[in-house]
Structure formats: C-alpha cells, structure tokens
S.K.: 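Okay, handing you the structure first.
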Protein chains: 2
Amino acid sequence: MKITAMTQSLVLHFGEMGSRWGLNRTLGQMYAVIVLTEAPLNADQISEALQISRSNVSMGLKELKSWNLIKLHHIPGDRKEYFSAPSDIWEIARTLVVERRKRELDPTLSTLRDALMEQPSNESDEYTQMRVKQMHDLMEMVTLWTNEMQGMSSEKLSALLKLGEGISKILDVKDKLLLR
Amino acid sequence: MKITAMTQSLVLHFGEMGSRWGLNRTLGQMYAVIVLTEAPLNADQISEALQISRSNVSMGLKELKSWNLIKLHHIPGDRKEYFSAPSDIWEIARTLVVERRKRELDPTLSTLRDALMEQPSNESDEYTQMRVKQMHDLMEMVTLWTNEMQGMSSEKLSALLKLGEGISKILDVKDKLLLR
DNA sequence: CTGAATTTTCAGTAATTTGTGAAAATTGTA
DNA sequence: TACAATTTTCACAAATTACTGAAAATTCAG
C-alpha cells in the first residue's frame, strides 16, 4: 500500500515519538498509519506501507491488541484480518490513559504498599516511609481519576477538558454546592 | 553511603519502572534515592549507594536538572554540591506532568499544526487531516490543562484530585453556576 | 594566580532493545 | 480431513541506548 506524502511525514514523526510514549518506533508508526487511514488495513498493507517485515507487523499488532487500541474487522470473501482504530479520538485517549496507568502506576502502587507494611528499622526508614506514604496517596488518587475517566462518555470527557482554566473557578465555588 | 534494605528495594523497583516513565533505569534509581533520603546527597554518595560510576551520576544529575526535579544545596566548608528533591510531593508531580508534556506532546502538536497547513492532495488526505485536527484539538486542551496545573497551589491540586468521582457530579451542575 | 578538589565530557565498550527470515502453528474452505 | 492461506513464534542479527574510565574543564581556597 502506498501512503501519501502527508501521511508519510506524520508516520515518521509518530515513529520518533513512539519511544517517548511507552511504545517504540515501529509501534508508533503502525498506529499512526492505522489511525490516519480511513479503511481498515491488513498486516501486509501495513508491512508494505512502512517497509518493515511481516513478522515485525505481527508482533506490533499483538502489542497494539494488548493495549486495546485496535479493532478487528473481517471482509467477506477475504481470509485476512483487517485492523482499524476507534473512530472516536476520545476513546483512543481514554484507552491510552488507562493502559498507561496500568503499566506505569499499578506496579509501583503495589510496591509502595508493601513498603508501608514493613517495620521501619531506624529513623531514616521512618522518613522513607513518610515519603512512600505521600507518593502512595497521590498515585491512588490518580488511579481513582483514571477509573472515573474510563466510565465517562466522550462528550463528558470533552466538556471536562474544555473547562480548562474554568476548573480553578469551579473549585472555588465547589463548597457552595450541595454535593453528596 | 549505605542504604537500608527498605530503600534498596524501593530503589530497585524505581529503576525497573524508570524505563516505563520517560527516564531510564539509572535515572529512576537516582531519583528514588534522592527522594527517599532526607538529607541532600552529593554525587559520590549517590555513586556509592547505587554502585554506579561517578560519571554516570554526573550525566544523570544533568538530566534530572533538565527535568527541574532536583534542588541544589551547598554545605558551608564543603566544596561538593548536594542535591535533594522538593519536600512537597505535589510539586514533584506537577513538575513531572509539565515536563512530560513538553517532551511528549509539544513536538507532536507542532507537527500536527504543520500538517493542517498543508493542502490535501486527494480525499485520503482529507480524511487524514480530519483525524489530525481531532488529535490536535485534544492535545491542545491537555496542554491548557497542564498549564493550569502548573499555576495551581499544592493545596488546590490536592483538592481537585480528591474530588475523584465527585468530578462527574460537578460537571452535571456546572451549567447552573455563574462562571465567567 | 596556583593547584588541588570537583565536575563534566567523550570515545569506546557493554547491555538492551528491536527487527528479520525461516519454520511452526493456526485458520478456514473445499 | 486435507491443504493452502495466513498468522505467530523464535533464534539470531542489527541497531540503539546506557555505562565506564580517562582526560579535560571548571571551581574555589589560599
């Protein structure tokens, strides 16, 4: 499959960024071409578009599946599998946040909890535990938030993000509201 | 410098996680030992605590400085430089979010803007541009948010995060509030 | 200004991560 | 069930990234 110059340059950029996100270059490129192309693509098309080996595509797709980032399609009379990204960009963002939290926060949260269970052996450990507690509480709050986010509709999420600087004002008047 | 068993295991964990965050193993370990130790540390102490070369520590400190994650101290009568982390965990979190945004979103935002300026050469490019527009708008909102966050006090940030599921309710009544 | 203490740089090496082709496994249709 | 199409796995190779020691640069007390 040939890709346009515009897509090509975007794909290259997403490749470079891929490693800064939890992915890697190929994964970034693969997801870029999938997201930016309207029709679902099969593995051979991706392999050709990005000039990477068929097996690399297979491994990349496996990983994108584990991130819940792609949808699987079947075309009647064609045995190949076709892949596309959700058409709702908010759904993609939501998935990314949740999956990154799983990979980046959950394991640490568990380690921090373990450390808090231990008996401090001296006063240096006591300081350490205090910091661990602070980190733990913060990360737990972030986790609650991402869970909240997961259940939010795209419309609501978009409305929330659009608040922008308004959020500060809302916090100021929040106590005046009858919540809970 | 010797570190306790508790710190040791936390340092190892943060090392493993380091690569999942935008850092790397050594950087994760270095920051862990700095955050978890009350007294500011000098480069030799870090080098000894983590069993890594002095030059590696120097490069790591350089990077932590570029992330604005460490504070520099001087001890009277000692020519060495000592480093510590902010005592306020929210300040660390705020810095992390802002710095990651700089590295993970800003370059992409600029590339997306470039792509939007181009003339679509066919209808496939038109679809691509539509998706680019969606991504661009979303990322711009996130940028606004992190800017907002940067200016927020730790107390306010903590209050916002504590809202947790309350945020949904607030959104529901937001229109009833006289904002702006 | 001098020189010892300290920090930084950098070229080379080590370690890790990523990509490939060939072979194995799976799938679905005739 | 048989077999061709397709996908996945995996050992090895290639590429990238991280680490080190030695040397250069910087800092500052005397």
Side-chain angles (χ1 to χ4, degrees), chain A residues 1 11-34 40-67 70-84 103-104, chain B residues 1 11-34 40-67 70-84 103-104:
Chain A
M1 197 193 70
V11 159
L12 290 180
H13 175 82
F14 276 81
E16 281 172 28
M17 296 306 288
S19 25
R20 301 205 190 176
W21 290 75
L23 323 167
N24 64 39
R25 182 154 41 88
T26 309
L27 228 54
Q29 291 188 354
M30 283 181 59
Y31 202 54
V33 79
I34 291 172
L41 300 176
N42 66 42
D44 288 323
Q45 291 174 308
I46 297 171
S47 165
E48 193 194 346
L50 305 180
Q51 308 271 50
I52 59 180
S53 73
R54 185 47 244 273
S55 56
N56 201 359
V57 172
S58 177
M59 293 191 298
L61 287 171
K62 184 179 171 187
E63 188 131 4
L64 288 177
K65 281 174 204 162
S66 84
W67 278 77
I70 47 177
K71 290 174 179 295
L72 178 58
H73 302 257
H74 282 289
I75 294 184
D78 189 339
R79 273 176 66 178
K80 290 200 174 94
E81 295 189 309
Y82 287 77
F83 301 91
S84 71
R103 291 162 173 78
E104 299 181 359
Chain B
M1 199 193 69
V11 159
L12 289 180
H13 175 82
F14 277 82
E16 281 172 29
M17 297 306 287
S19 26
R20 301 205 190 174
W21 290 74
L23 322 167
N24 63 39
R25 182 154 42 88
T26 309
L27 228 55
Q29 292 188 353
M30 282 181 60
Y31 203 54
V33 81
I34 291 172
L41 300 176
N42 67 42
D44 287 324
Q45 291 175 309
I46 297 170
S47 165
E48 193 195 344
L50 305 180
Q51 308 271 50
I52 59 180
S53 74
R54 185 48 242 274
S55 56
N56 201 0
V57 172
S58 178
M59 293 190 299
L61 286 172
K62 185 180 170 186
E63 188 131 2
L64 288 177
K65 281 174 204 162
S66 84
W67 278 78
I70 47 177
K71 290 173 179 294
L72 178 58
H73 301 257
H74 281 288
I75 293 184
D78 189 339
R79 272 175 67 178
K80 290 200 173 92
E81 296 189 309
Y82 287 77
F83 301 91
S84 71
R103 290 162 172 79
E104 298 180 0

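Atoms considered below: every heavy atom in the structure, side chains included; atoms not considered: hydrogens, waters and symmetry mates. Every chain is numbered from 1, with letters handed out A, B, ... down the list of sequences. What you see is a predicted model, and the numbers here were worked out from it, not measured in a lab.
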S.K.: Hey, could you give me each pair passing salt bridge (Lys or Arg N to Asp or Glu O under 4.0 Å) that has a residue in residues 72-81 of chain B? Not counting sequence neighbours.
M.R.: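 Listed once each, the pairs are B:D44-B:K80.
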S.K.: Quick check for you: to the nearest 0.5 Å, what is the distance between B:F83 atom CZ and B:K65 atom NZ?
M.R.: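 Nearest 0.5 Å value for the CZ-NZ distance: 4.5 Å.
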S.K.: Hey, what do you get for CD1 (A:I34) to OH (A:Y82), rounding to the nearest 0.5 Å?
M.R.: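 Going from the CD1 atom of A:I34 to the OH atom of A:Y82 covers 13.5 Å.
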S.K.: Can I get a per-line list of side-chain donor-acceptor pairs under 3.5 Å for residues 48-55 of chain B, giving both atom names and the distance, sequence neighbours left out?
M.R.:
residue, atom, partner, partner atom, Å
B:E48, OE1, B:M1, N, 2.1
B:E48, OE2, B:M1, N, 3.0
B:S53, OG, B:S55, OG, 3.2
B:S53, OG, B:N56, N, 3.1

S.K.: Which angle, rounded to 10°, do you find between the first-five-pair axis and the last-five-pair axis of the helix from C:dC1-D:dG30 to C:dA30-D:dT1?
M.R.: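 Here the local axes at opposite ends form an angle of 30°.
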S.K.: What is the distance, rounded to the nearest whole Å, between atom NE2 of A:H74 and atom C1' of C:dT26?
M.R.: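 My rounded result for the distance is 13 Å.
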S.K.: Considering only distance and modelled atom types, tabulate donor-acceptor pairs under 3.5 Å from the side chains of residues 13-25 of chain A, sequence neighbours left out.
M.R.:
residue, atom, partner, partner atom, Å
A:H13, ND1, B:T111, OG1, 3.0
A:H13, NE2, B:T108, OG1, 2.9
A:S19, OG, A:E16, O, 3.3
A:R20, NH1, B:R103, O, 3.0
A:W21, NE1, B:E104, O, 3.3
A:N24, OD1, A:T26, N, 3.1
A:N24, OD1, A:L27, N, 2.9

S.K.: Does A:N42 reach the side chain of A:I75, with side-chain heavy atoms less than 4.5 Å apart?
M.R.: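 No - every pair of side-chain heavy atoms lies 4.5 Å or more apart.
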S.K.: If the sugar-phosphate is the primed atoms plus P, OP1 and OP2 and the base is the rest, what is the B/S/- string for nucleotides 1-19 of chain C, using protein heavy atoms under 4.0 Å?
M.R.: ---BBSSBB--------SS
S.K.: So, using side-chain hydrogen bond (donor to acceptor under 3.5 Å, both in side chains) as the criterion, who are the partners of B:H73 when residues are at least two apart?
M.R.: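 By the side-chain hydrogen bond (donor to acceptor under 3.5 Å, both in side chains) rule, B:H73 matches B:S84.
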